[in-house]
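Letters A, B, ... mirror the listed sequences (proteins, then strands); counts begin at 1. As the structure is a prediction and not an experimental result, all values here were calculated from the model. As a basis for the values below, the full set of heavy atoms in this structure was taken, side chains included, without hydrogen atoms, waters or symmetry mates.
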There are 2 protein chains.
Amino acid sequence: MAKRVTLADLAEQTGLNISTISRALSRPDRVSTETRRLVEKVASQLGYATNIAARNLSRGTSDTILVLAPSFEGQAISPVFTQILLGVCEEAKSLGLNVMLQQCLGQTVSASDVIRHLQTGVADSVLLVAVENWLPPTDGHAGETILPVVSIFRDLTASGLTSVMTQEADGYVAIVDHLVARGHRQFAFVSGPEGMHHEQVRYNAVRHRLSQLGLDRKLVRLEGGPFDMPSGQKAAESFLALKNRPSAVICCSDALALGFMHAILDSGLRVPDDVAIAGFDGMDYTAFTTPSLTTVIQPTLEIGRVAVQVLTDLHNGRITTPRLVALAPSFVIRQST
Amino acid sequence: MAKRVTLADLAEQTGLNISTISRALSRPDRVSTETRRLVEKVASQLGYATNIAARNLSRGTSDTILVLAPSFEGQAISPVFTQILLGVCEEAKSLGLNVMLQQCLGQTVSASDVIRHLQTGVADSVLLVAVENWLPPTDGHAGETILPVVSIFRDLTASGLTSVMTQEADGYVAIVDHLVARGHRQFAFVSGPEGMHHEQVRYNAVRHRLSQLGLDRKLVRLEGGPFDMPSGQKAAESFLALKNRPSAVICCSDALALGFMHAILDSGLRVPDDVAIAGFDGMDYTAFTTPSLTTVIQPTLEIGRVAVQVLTDLHNGRITTPRLVALAPSFVIRQST
DNA sequence: TTGTAAGCGTTATCAT
DNA sequence: ATGATAACGCTTACAA
């Protein structure tokens, strides 16, 4: 194991002072061209690499983003999660930031936990991905100091957290309008996990649009459970048991839609002739199922990028008040409707 | 922003020496019960949190694993990747390690890059996920020192890297045997990206098994391109153009299989009656396509966990020579065959 | 068992 | 433009 090369080594080699070396490396403009060249040369010769721990200790920052995501055991968000992560990594890289990943136990994250993390200095800002609840600081000056924390997917502005997500209502409006244009008048909504905020927002978006069209009386809600395929399958059983079956089904996620469609086809009904089905998320497989699935594509990659940007803005005070950033989704009509 | 609490603060509060505080916190057994209690009490009162940078600097380690993955833009491995990541995070957490994520540009990672990272101290071991090539150290003592690096998915033991992956050949043997038992005698193999090692290994596994059964003359190979669905679709076009169509198709991934099946069904052929199709990976959607897809499930979560274990073994010298760890997959027969 | 003190490698503040 | 030097907060021999 080759001994680590330090600034002191470079100082010795060049005869310059250690502080000059440091400067030459971190602020090349604050040093003569001559020494800059010399230092760079010797540094690369000796294979110098900045010791990050030392830098962090001295600077008091870590240039690291901590990504906190609920144990993604429910496969539900995981595919979406991957895309988000990609966006986050790309943006972080371009900003010279590191990304640290940590799963969290439940659906709720508390400010005190996050503050603890920030205090250790492992990271100096935090990204919450698909976290349901946020417990604001409880100690005295609650909320006075704005934390460098951003929520992805879940609108937590009400709890004081800047949030980045898809403009979901728009997506569901597009779905409803499309189905109505296709002549459908009776609808079912396959919901996600009970009590999940998203779930509620999405259902309301559908119902609200239908009510605008005078059709909200024609909406049945089916319990879907987790955002996954088995839940969709289960919902389909309830659906098949209905005496008056709606002709169009709107699902809370693509996974639910796929599970639902699978069961419907299995039962001998035809899609979209007997039942039209729409999903939500924009999973890659939706374009290749048979029939292919009408869905709303979330701008996941962009969400990841934007979240990081907002996070840095927050971190260096360019944003001082919580805000919601909602990105437009895109609607794709496919064979299932 | 509440000023950070340091060991010095605790020392002042308790009247004890700073080193005693440090000991009480990190090696509670090396201190009297009395002081231990006192320190713990005051620490939690003041909300003390260890400064990681300082600890790392002092200890010379970071307790961090760097996960390096090729820009997952080709959606190909991404779903699998998520699962791997989950396993990695879980195991890391249970070992008290942090996980840092970084995308890398190409398919190749060089030892010098990794060594640079290790020297900065951001991480003290590295996990390569789906990295195609490894450029061993070029400087003098090449390969003398064993690096704390593990490859996931790709067997890089030949380049001196301990690797963790699925026992893929077993999976393909299972597929072949199953198809033969079903009466198939003519086969097509839809390959992955050209020149990718995996691709070759998998094809060989199929061909070898067929040759054992005296059927290797009956194998057609179709170029699939990237491990994704559009590629599968494209391969299906070549397939449909064949004058003598095989009755069974083995795909290099589930994504390819899905794309392939979509095109086949679109063309009016029936699955499995006209064409039997098998995939590989065990994506969740395979159980819910119509027809559902026969496939081989990779033990992704377990791979992630094991990789971390092996990595730590490597890191503290319990493993001194590169080895291959191949985990058994499981084969699921579904409607598509 | 507890205290003393010497690092760990950088950065930043002053002088020069 | 460069050099000395004091932090940064923790760990760890070594001494008491």
Side-chain angles (χ1 to χ4, degrees), chain A residues 1-40 42-43 46-64 96 116-122 124, chain B residues 1-40 42-43 46-64 96 116-122 124:
Chain A
M1 189 85 76
K3 208 192 63 190
R4 278 182 178 168
V5 180
T6 71
L7 287 184
D9 296 328
L10 300 189
E12 193 178 1
Q13 276 287 319
T14 58
L16 291 168
N17 185 283
I18 190 173
S19 65
T20 305
I21 307 285
S22 174
R23 236 175 281 131
L25 259 27
S26 50
R27 253 173 302 253
D29 47 313
R30 293 233 181 298
V31 102
S32 81
T33 319
E34 199 179 358
T35 48
R36 183 172 58 75
R37 293 233 179 84
L38 174 61
V39 172
E40 281 170 356
V42 178
L46 271 55
Y48 171 78
T50 305
N51 179 317
I52 297 296
R55 163 178 295 178
N56 289 351
L57 177 56
S58 181
R59 292 226 258 239
T61 66
S62 60
D63 293 343
T64 297
R116 174 100 10 135
H117 273 126
L118 294 177
Q119 279 178 338
T120 66
V122 277
D124 34 39
Chain B
M1 190 84 76
K3 207 192 65 188
R4 279 182 179 169
V5 180
T6 71
L7 287 186
D9 296 328
L10 300 190
E12 194 178 1
Q13 276 288 318
T14 58
L16 291 168
N17 185 282
I18 190 173
S19 67
T20 305
I21 307 285
S22 173
R23 240 175 277 131
L25 259 27
S26 51
R27 253 171 303 250
D29 48 312
R30 293 233 180 299
V31 102
S32 82
T33 320
E34 199 179 357
T35 48
R36 183 171 59 73
R37 292 234 180 84
L38 174 61
V39 172
E40 280 170 355
V42 177
L46 271 55
Y48 172 78
T50 305
N51 179 317
I52 297 296
R55 163 178 295 178
N56 289 349
L57 177 56
S58 180
R59 293 227 258 240
T61 66
S62 60
D63 293 343
T64 297
R116 174 98 10 132
H117 273 125
L118 294 177
Q119 280 179 336
T120 66
V122 277
D124 34 39

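Taking atom CG on B:Leu16 and atom P on C:dT1, their separation rounds to 14 Å, with Å as the unit. Taking atom CG of residue A:Leu7 and atom P of nucleotide D:dG3, one finds them 13 Å apart after rounding to whole Å. Taking atom CD1 on B:Ile18 and atom P on D:dC14, their separation rounds to 20 Å, with Å as the unit. Nucleotide C:dC8 holds its P atom 18 Å from the CG atom of B:Asp124, rounded to whole Å. One atom, CD1 of A:Ile21, and another, C1' of C:dA12, lie 16 Å apart when rounded to the nearest Å. Rounded to whole Å, the distance from CG on B:Leu57 to P on C:dA6 is 17 Å. If you measure from atom CZ of A:Arg55 to atom P of C:dT10, you get 9 Å, rounded to the nearest angstrom. Taking atom CD1 of B:Ile52 as the reference point, atom C1' of D:dC8 lies 15 Å away to the nearest angstrom.
Nearest-nucleotide mapping onto DNA chain C: of B:Ala54 and A:Thr20, the residue sitting toward the 5' end is B:Ala54. Between B:Tyr48 and B:Arg23, the residue whose closest nucleotide on DNA chain D is further toward the 5' end is B:Tyr48.
B:Thr6 comes within 4.0 angstrom of the backbone, heavy atoms only, and of no base. Within the 4.0 angstrom heavy-atom criterion, no nucleotide atom of any strand lies near A:Arg36.
Using a 4.5 Å heavy-atom threshold, the side chains of A:Leu7 and A:Leu25 count as touching. Looking only at side-chain heavy atoms (C-beta outward), B:Leu16 and B:Leu38 come within less than 4.5 Å of each other. Residues B:Thr64 and B:Val122 form no side-chain contact, since every pair of their non-hydrogen atoms from C-beta on lies 4.5 Å or further apart.
Residue A:Asn17 has its side chain nearest to D:dA4 when only D:dA4, C:dG3, D:dT2 are considered. In this structure, the nucleotide among D:dT2, D:dT11, C:dT1 sitting nearest to the side chain of B:Ser32 is C:dT1. Distance from the side chain of A:Arg59 is smallest for C:dA12 among the nucleotides C:dA12, D:dC8, D:dT2. Side chain of B:Ser58, nearest nucleotide from C:dG3, C:dC8, D:dC8: C:dC8.
Between D:dC8 and A:Asn56, no contact under 4.0 Å exists linking OP1 or OP2 to a side-chain N or O. Within the 4.0 Å cut-off from OP1 or OP2 of C:dT10, not a single side-chain nitrogen or oxygen of A:Ser22 is found. Proximity of A:Ser26 to the phosphate of C:dT10: no side-chain N or O atom is located under 4.0 Å from OP1 or OP2.
Checked by distance alone, B:Ser19 brings a side-chain donor or acceptor within 3.5 Å of a matching partner on the base of C:dT4.
Between the side chain of B:Ser58 and the main chain of B:Arg55, no donor-acceptor pair closer than 3.5 Å is present.
Counting heavy atoms of neighbouring residues, nucleotides and ligands inside a 6.0 Å radius, atom CD of A:Glu40 exceeds 12 of them.
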